[in-house]
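All remarks here apply to the structure that follows.
What you are looking at is a predicted structure, and each value in this text was computed from that prediction instead of being measured. Residues: numbered from 1 along the sequence shown.
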Amino acid sequence: MINFGSLAKNSGGDVPATLEDLFKQLDRKATHTGLRPAQLAALSALDGQLEHQDVIMKLSTGSGKTVLGLLYAEMMRRKYKGEPVVYLCPTNQLADQVVETGRLIGVKVSTFPKSGLPYNAMSGETILACTYDKLFTANSVFESRSIRPSAIIMDDVHAGAERIRKAYTVEVPAAIFKQFRALMSPLCEGTDAATWSAIMRDDAASAYEVPYWVWAQVWNQVAKLMAPVQDQPPLLFTWGNIARYLELARCCISGVSAEIALNIPPVEEVAAYAGAKHRLFMSASIKDISGLIAVLGCAPAAYRRLIEPNEDEGAGERMILPTSLINAESKKAEIASACAVLAKQTNVVVLTTSTAQAKTWTDAGAVLSQAADFEGMLDKLRTTTTNFVVFAQRFDGVDLPDDACRVLVIDGVPGGERVIDHVDAYRQKDSPEYEVRTVNKFEQALGRAVRSSADYATVLLVGADIAAFIGRKNVSSLLEERTRLQVELGRELAGMPDHAGKSIGVVIQDLAQALLARNEGWKHAHTQRVKVGNKAPRDTALTPYEASALAMREAWGLAKAKNFHGAVTRLREAANMPLHSIQKAELMYWIATYQNQFDPGQASEVFKTAFVLNTKFPRPQQVADRKFSRLTEQAVALCQVFGVYGSANAALARVEEVRAKLAFGNSAETVERGLLELGELLGAASSRPEKETGRGPDVLWLFDDCGACIEAKSEKAAPIHKSDASQLFLSGNWCEEQLATGSPKPALVFATNVSTADRLEDIAFGPRLMTESILMDIIERLRRVVLSLTYDGPLFSDPATVASKVREQGVTGNAILGRLAVMK
C-alpha cells in the first residue's frame with residue numbers, strides 16, 4: 001500500500017531559533033564539520049537582522065561567505081514555505097560553486113537547466129542559484145513567469161552592481177554605428193573638436209559623452225534608428241530596460257563603438273528584486289555604500305547595521321610586488337618573459353584592462369581566454385598546472401584557489417569595460433568617487449588567486465599607472481588593513497638592495513620562487529608584518545558622497561515621473577554639501593540635464609558652472625573665454641602635485657605614467673593629455689584652452705616668469721604647412737588677449753619631430769620646437785628632481801629645497817624654453 005502519510009512531512013523542515021542551530025541540523029559532509037570564529041560571529045549578527053529587508057555583510061575572500069549566504073537563504077526558505085529564494089552570483093561558474101557548497105553543507109541548491117525551468121526552486125523546495133544577468137535582463141524569466149522571491153542573496157555584490165549597470169546599457173550595433181556617429185557628429189564636434197576629429201578617424205581610445213542638450217534633440221531619431229534591430233542581439237537583452245526613459249539616458253561614443261545607458265538603473269521596477277522581503281548584500285570590500293545605494297537602491301540604514309566580524313582573518317598570504325618600484329625602466333616584455341619561465345612549473349594568470357593590452361603577454365606565450373572558452377579555461381586551471389593564461393576585463397568573477405593560480409599579474413589600473421566607464425575615469429580621476437570605485441576593483445582583482453586564509457600567491461602589479469595609484473596616500477588609506485600591510489611589505493621587497501644590478505626578470509623569479517618554495521624567512525616576515533589588530537569602529541554615518549548618491553537615486557525617481565522641478569530641488573540640496581569639486585560638477589551636470597526639460601536657458605547657466613568646476617566636460621554653448629593666469633609659484637605647485645604620494649617610488653611611477661603618454665606613436669589626444677599632465681608635474685598652470693573654450697592653443701603652460709603656447713603636431717610627418725603656422729600664430733594672439741594682466745607673453749611652440757617648413761616665410765615669427773626627445777629629456781630631469789629629494793626628509797615638504805633642485809636639474813620654465821630650438 002502507498003504511504004500517503006509520508007507526503008505530509010514538511011519538506012522544508014522546522015524553522016530553527018538561530019542560524020547556528022540551522023547549521024547543526026543540516027546533513028553535512030565530512031569536509032564541513034564546523035564553523036570558524038568569523039562565521040559564528042557573522043551568523044550571530046545576522047540572527048539580529050532577520051527581520052530587516054536590507055542587510056549588508058562584509059567578510060574577506062575565503063572566509064566562508066558562501067556558506068553564510070546559503071544558511072541565510074535556507075532559513076528564509078523554511079520561514080516562507082513555498083516561496084522561491086534566490087542566490088545571485090556574477091558568473092555561471094560561481095553559481096555552480098554555490099551548488100557544490102550547498103551539497104557539502106546539506107542545503108539543496110538548483111540552477112537553471114539547459115532547457116526548461118527550475119521548478120523545484122520556483123516552488124521553494126530548493127534554493128535557486130543564478131547570475132545577476134538572469135534577473136536583470138530585459139527579457140527576464142522572473143518577470144515572464146512571475147517568479148517572486150521572498151529573499152535574494154547577492155554575492156560579490158560590487159561585481160554584481162557592474163553587471164546590473166551593463167544590463168541597463170545598450171551597445172549600438174556595429175551595423176548601424178557609422179550611421180549613428182554621423183547623426184551625432186555635426187551637433188557634437190563644436191563642443192570638442194579635437195576629440196571628435198579622433199572619433200571620426202576610428203580612434204578607439206577617444207571617448208566622448210554626448211551633452212544633454214544634444215541628446216534632447218536626437219533621442220527620438222535614435223529610437224527610430226534602433227527600431228529595426230531592437231529584437232536582435234545585442235539590443236535584445238538590454239533595449240527594453242532603457243527604452244521607456246530614453247530621453248533621460250546618457251550616450252557615450254568612441255571611434256569604434258557607442259553606448260546608451262541609464263545613469264541610475266531603475267531596479268525598483270524589477271518586481272522580483274524590489275518586492276523581495278529580504279535582501280542580503282555580501283562583499284569582501286566595502287569602502288562606502290554609494291554604489292549599493294545608486295545602483296541597487298539599498299537602504300542607507302543597512303550600513304549603520306553593517307556586519308563586519310572582528311574575528312575575520314582576512315585574505316591569505318600574498319606577496320604583492322609593484323614591478324615599477326623594483327625598476328622604473330623595466331619593460332613589460334621582460335616581465336612577461338619572466339612569467340613565461342615561471343609558468344613552466346606553476347599556473348600564471350594575467351588580468352588586463354583590454355584585449356589589445358593582452359598582446360604583450362600572448363607574444364610571450366600566454367593563451368588569451370575569450371568569452372566562449374572562459375568556463376573551460378577556468379576548469380583547466382583548476383585541474384592542471386604549468387598554464388600561462390591572460391584574461392581581459394575579468395577583474396572579478398574569477399575564482400582561482402590554491403594551485404589554480406600561484407602567480408597573478410594585474411596589468412594596469414582595473415577599470416570598467418564600457419565606453420561610459422572610460423569617460424567617467426577620464427572625467428572623474430583623482431576624485432574620491434573614482435578612488436573608491438577603483439580601489440574596490442583593485443581589491444576584487446587581488447582576491448582572484450588567494451581564496452582562503454591558508455592560500456598563497458605572488459601578485460605582480462605591472463605598469464607605472466598602478467604603482468602611482470597605490471602610492472597615493474589617500475588610496476593607501478582606503479585599502480583593507482591586511483591588503484595595505486601586504487602592499488607596504490611588497491614595496492619594501494621591491495626596494496631591497498639585494499636586487500641591485502639584477503634584471504627585473506631575475507628579481508621576479510627569485511621572489512616568486514621564494515614564495516613557491518615556502519621559504520621560511522619569507523613566511524616569517526609575512527606573519528610578523530601582516531598582523532591586523534581589532535578593527536576600529538566604522539563611522540557608518542553617510543559621507544557627503546554617499547548622501548549625493550542617495551540624492552541621485554531619489555532625483556531619478558522624481559525625474560522618471562516627470563517631476564523635473566522636484567528632481568532639481570533634490571539635487572541642489574545635495575550640491576550644497578561639502579563635496580569634492582569633481583563630484584559637485586557631476587551633480588551640477590544632472591541638475592542641468594533635468595532642468596533642461598523645463599527651462600533650457602537656466603540649464604545652460606547651470607552647466608557652465610559644472611564646466612568651470614571640471615573642464616573635462618564638453619564645452620558649453622556660447623562659453624565665454626576665461627582669463628588664464630598663473631596662481632602659484634612653481635616650487636609650491638610641485639609640492640602640491642607630488643605631495644599626494646607616500647613615497648618617492650610612487651611619485652616616480654606617476655612620472656613614468658606621463659612619460660608613456662608623451663610617446664609620439666600615441667594618438668594625438670593621448671599626447672595632448674600627456675603634455676597637459678607634464679605641465680602639471682612641472683608646477684606650471686597647465687590647461688587645454690582649445691578643448692575648454694574652442695579657441696587658443698592645444699596646451700598652455702604658465703610658469704612664474706614665462707610660458708609656452710603649444711600646438712601639438714605629434715602625428716605630423718610632412719613639413720610644417722602654412723595652415724599649421726597660422727594656427728600657432730593665432731593661438732599666440734589669443735594668449736595676448738586672454739592672459740591675465742601682468743602675465744608674461746608665452747613662447748610659441750610646436751610639439752613635433754618635424755623641423756622644416758614648406759616655406760620659410762610661414763615661420764618667420766620664430767616658433768620653437770619641442771621634439772619627442774626633448775620631452776623625454778624633461779621627464780628624465782624631473783625624475784632626477786624626485787630622486788634628489790629622497791635624501792632630504794619628507795618628500796616635497798619644503799618649497800625652498802624643491803626650488804633649488806628644480807634649478808639644478810634645469811626644469812624651471814625658462815630653462816625648458818631655453819632648450820627649445822627656434823625654427824628658421
If we ignore angles and hydrogens, is there a donor and acceptor under 3.5 Å between the side chains of [X] and [Y]?
{"X": "Thr352", "Y": "Gln357", "result": "no"}
{"X": "Glu417", "Y": "His422", "result": "no"}
{"X": "Arg165", "Y": "Thr169", "result": "no"}
{"X": "Gln486", "Y": "Arg529", "result": "no"}
{"X": "Asp312", "Y": "Ser60", "result": "yes"}
{"X": "Ser431", "Y": "His580", "result": "no"}
{"X": "Thr771", "Y": "Asn753", "result": "no"}
{"X": "Asp399", "Y": "Gln93", "result": "no"}
{"X": "Asp288", "Y": "Ser290", "result": "yes"}

Review point. Given Arg659 and Glu780, is the salt bridge (Lys or Arg N to Asp or Glu O under 4.0 Å) satisfied, shown in steps?
Key: CA-CA 9 Å; Arg659 183 203 294 269; Glu780 186 55 37; 3.4 Å; yes

For [X] versus [Y], what's the shortest heavy-atom pair and its separation?
{"X": "Leu662", "Y": "Leu678", "answer": "CD1-CD2, 3.8 Å"}
{"X": "Glu435", "Y": "Asn474", "answer": "OE1-ND2, 2.8 Å"}
{"X": "Ala161", "Y": "Val295", "answer": "O-CG1, 3.8 Å"}
{"X": "Ile420", "Y": "Ala261", "answer": "CD1-CB, 3.4 Å"}
{"X": "Val658", "Y": "Gly674", "answer": "CG1-O, 3.7 Å"}

Check your understanding: How far apart are the C-alpha atoms of Glu677 and Lys661, what are their side-chain angles, what is the distance that settles it, and do they pass the side chain to side chain contact (heavy atoms under 4.5 Å, CB included) test?
Key -> CA-CA 9 Å; Glu677 293 174 19; Lys661 295 178 182 177; 2.9 Å; yes

Practice item. Would you kindly check if the NZ (Lys) or CZ (Arg) of Arg318 is within the cone defined by 45 degrees around the ring axis of Tyr456 and under 6.0 Å from the six-membered ring centre? Key: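 That pair does not qualify as a cation-pi contact.
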
Review point. Cationic tip of Lys616 within the cone over Tyr426's six-membered ring, i.e. under 6.0 Å and within 45° of the normal?
Key: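 Judged by the rule (NZ or CZ under 6.0 Å from the ring centre, within 45° of its axis), Lys616 counts as positioned above Tyr426.
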
[X] vs [Y] side-chain heavy atoms within contact, under 4.5 Å:
{"X": "Tyr132", "Y": "Lys166", "result": "no"}
{"X": "Glu433", "Y": "Asp424", "result": "no"}
{"X": "Leu681", "Y": "Phe642", "result": "yes"}
{"X": "Leu400", "Y": "Val349", "result": "yes"}
{"X": "Asp465", "Y": "Arg654", "result": "no"}
{"X": "Cys339", "Y": "Leu460", "result": "yes"}
{"X": "Leu511", "Y": "Leu493", "result": "yes"}

Any salt bridge between [X] and [Y], counting N to O under 4.0 Å?
{"X": "Glu162", "Y": "Lys441", "value": "yes"}
{"X": "Glu334", "Y": "Lys331", "value": "no"}
{"X": "Arg472", "Y": "Asp430", "value": "yes"}

Review point. Which distance, rounded to the nearest 0.5 Å, do you find between the NZ of Lys691 and the CG of Asp192?
Key: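 Atom-to-atom, Lys691:NZ and Asp192:CG are 3.0 Å apart.
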
Check your understanding: Atom OG1 of Thr483 and atom CZ of Phe442: how far apart are they, to the nearest 0.5 Å?
Key ->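 Between Thr483 OG1 and Phe442 CZ, I get 7.5 Å after rounding to 0.5 Å.
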
Check your understanding: With sequence neighbours excluded, what pairs up with Glu481 under the side chain to side chain donor-acceptor pair (under 3.5 Å) test?
Key ->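 Expected list: Arg484.
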
Review point. Excluding sequence neighbours, so at least two apart, what forms side chain to side chain donor-acceptor pair (under 3.5 Å) with Tyr208?
Key: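 Checked Tyr208 against side chain to side chain donor-acceptor pair (under 3.5 Å); matches are Thr191.
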
Point to revise | Verdict with supporting geometry, Ile504 and Ile508, side chain to side chain contact (heavy atoms under 4.5 Å, CB included) | key: CA-CA 6 Å; Ile504 185 71; Ile508 287 172; 3.8 Å; yes

Exercise for review: Verify whether the ring centers belonging to Phe374 and Phe391 lie closer than 6.0 Å.
Suggested key: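 Distance test on ring centres: under 6.0 Å, yes.
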
Exercise for review: Using a cut-off of 6.0 Å, state whether more than 12 heavy atoms not belonging to Lys359 lie near its atom NZ.
Suggested key: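 No, the 6.0 Å shell around NZ holds no more than 12 heavy atoms from other groups.
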
Point to revise | Partner of Glu317 under side-chain hydrogen bond (donor to acceptor under 3.5 Å, both in side chains), chosen from Lys523, His526, Arg518 | key: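 Exactly one option meets the side-chain hydrogen bond (donor to acceptor under 3.5 Å, both in side chains) with Glu317, and it is Arg518.
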
